[in-house]
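Working notes for the structure below.
The basis for the numbers below is simple: all heavy atoms, side chains too, and nothing from hydrogens, waters or symmetry mates. Worth saying up front: this structure is predicted, and the values here are computed from it rather than measured. In what follows, every chain begins at residue 1, and chains take the letters A, B, ... in the order their sequences are listed.
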Protein chains: 2
Amino acid sequence: MAKLTKLEPLSNLSLVDKVEIRLTEYFKENNLKIGDQIPKELEFAEALGVSRTVIREALLRLRTIGMIESKKRKGMVLSQPDIIQNFEKVLESNLLGDKTLKDIFELRLILEMGMADLLFARKTEKDIEELSRIVSHEDDNGLDSTIFSLEYEVAFHGKLYQISNNSTLQRFQDLLLPVFQYVHDHMLPDASKFRYSGGKFISHRDLLNELIEGTPESFRVAMRQHLEPHFERVLTSFKS
Amino acid sequence: MAKLTKLEPLSNLSLVDKVEIRLTEYFKENNLKIGDQIPKELEFAEALGVSRTVIREALLRLRTIGMIESKKRKGMVLSQPDIIQNFEKVLESNLLGDKTLKDIFELRLILEMGMADLLFARKTEKDIEELSRIVSHEDDNGLDSTIFSLEYEVAFHGKLYQISNNSTLQRFQDLLLPVFQYVHDHMLPDASKFRYSGGKFISHRDLLNELIEGTPESFRVAMRQHLEPHFERVLTSFKS
DNA sequence: ATTTGTATTATGTATGACATAATGATAATA
DNA sequence: TATTATCATTATGTCATACATAATACAAAT
């Protein structure tokens, strides 16, 4: 048989798909901004020559990603999509594959390593005080500082994200906490008896001191050592 | 008037809201995994005692975030939600506020600074070769290396993300390119005549050399200098 | 003037019907 | 026999219509 050029279907888009595209085009064409009122369902239906059902389904998709909000009798308005919100349901669904979860775990390490410059540029006296409080509590409880304690881990690192003053980043981190925990518990080799290179362990207090007296560079070095067991596990068990 | 205990509405959830929640609970309870078949619309409708319309709207929401897929006659199956996919429409909508866009721009800087360890752990000969090619092309074109050229910028840094071998990160980066461009063009003070501290400019070639001969630490220092104008602008113009 | 009722409006929900694509069984054809 | 055409079946996709509900404005009543 002769070799044929691949014949693609004329259009594998459903009616709702097309309407959805058309609607977003419409918003752009008319340069509509957040808070702007948009026509009602029946007007869209008539204008596009489709049933209200199809319009509703297309609009519902946009509502699902937070692009529009609707209230009874008031109609619909464009709204600021919440990037993080969509993440939430997806994560809660427990349907993410292991590869994706690993990717996200790595992402956290990347973020903590890359945050340093923002931290130094934006730290305040109050921030330092609060971090000190957290670290003190940790010490008071007389825990062997090499032991992983989730509570203080979350408190300390969470505060760092807060200092970054990047609310998108912060919310992202909040959301990812369960993922970290899951990956930590289930998918990586046990690191409870990890030997730090050179035997030197960098505690939260050490990190705090770096944040007070050090530089972004020195802080990164310290953070890298603090995260050493996590990096070790990621970089060895994920040969791809 | 006597002080009364605040009366909360009995339930501000719509019927579709409730059904959606109930459905996700159902998936968890039955420990359904990706690829598993789920009951058909009419069965759900009958089981929950609501109309097919409501079931469809609830299911459509889940379909929108990629949790389920449906085919005519075949029915519906659970599928792996695509974290990035939803981002796409949101970004294209041009509805994100300036603050969010700034947050995302910062996020890129954080990622590039934090990636170093992954790069060194996963770089291959082929990767280095390709990076070399990119840098050579750049030099050939005799551009003043301090001038910002979007094309090579994308090629070089995009390749770095690729080397990280973290596909979630990669797709994220692909998606964010337009944001970087927008923020770069519209929201930050012009840096075309930025003076690098100490007059030393770190080019892509310098970064490549660090990746070949240096360490994650030295690479981070180099990257920090390479990104200096961006950091400068972010850390000065965003006083919160 | 404040409250209360009432009509109106746009979204939310319900119902029934038909369209469409995928599937498998059956019959027709080479 | 093997392949193709035909057809019924099934679950989602689309349509049409009606009614429910919450928010709003305006009139009526106290």
Of all residues at least two apart in sequence or in a different chain, which pass the ring-ring contact (aromatic ring centres under 6.0 Å, His included) check with A:Phe231?
none
Rounded to the Å, how far apart are A:Glu46 CD and C:dA10 C1'?
15 Å
Whole-Å distance between C:dA10 P and A:Ile68 CD1?
16 Å
Less than 4.0 Å between a side-chain N and a carboxylate O, is that true for A:Asp103 and A:Lys99?
yes
Assign a letter to each nucleotide of nucleotides 14-23 of chain C from its 5' end: B, base within under 4.0 Å of a protein heavy atom; S, sugar-phosphate only; -, no contact.
BB-B--BBBB
Take a 6.0 Å sphere around CD of B:Gln80 and say whether it holds more than 12 heavy atoms from other residues, nucleotides or ligands.
yes
Counting heavy atoms not belonging to A:Gln37, are there more than 12 under 6.0 Å from its CD?
yes
Going by number, which of residues 27-42 of chain A have a non-hydrogen atom under 4.0 Å from DNA chain D?
none
Between C:dG12 (C1') and A:Leu59 (CG): distance, integer Å
13 Å
B:Ile55 CD1 to D:dG13 P, straight-line distance once rounded to whole Å:
14 Å
Ion pair present between A:Arg22 and A:Glu25, side-chain N to carboxylate O less than 4.0 angstrom?
yes
Nearest-Å distance, CD (B:Glu57) to P (C:dT13)?
7 Å
May I ask you to verify if any side-chain N or O of A:Arg56 is less than 4.0 angstrom from the OP1 or OP2 atom of C:dG12?
yes
Could you tell me whether A:Arg61 and A:Glu57 make a salt bridge, using a distance below 4.0 angstrom between a side-chain N and a carboxylate O?
no
Got a salt bridge between A:Lys40 and A:Glu46, using NZ or NE/NH1/NH2 to carboxylate O under 4.0 Å?
no
Report the C-alpha separation of B:Phe172 and B:Phe87 in whole Å, then their side-chain angles, then the decisive distance to 0.1 Å, and conclude whether the ring-ring contact (aromatic ring centres under 6.0 Å, His included) test is met.
CA-CA 9 Å; B:Phe172 196 58; B:Phe87 246 82; 5.4 Å; yes
In whole angstrom, give the distance that lies between atom CZ of A:Arg61 and atom C1' of D:dG13.
11 Å
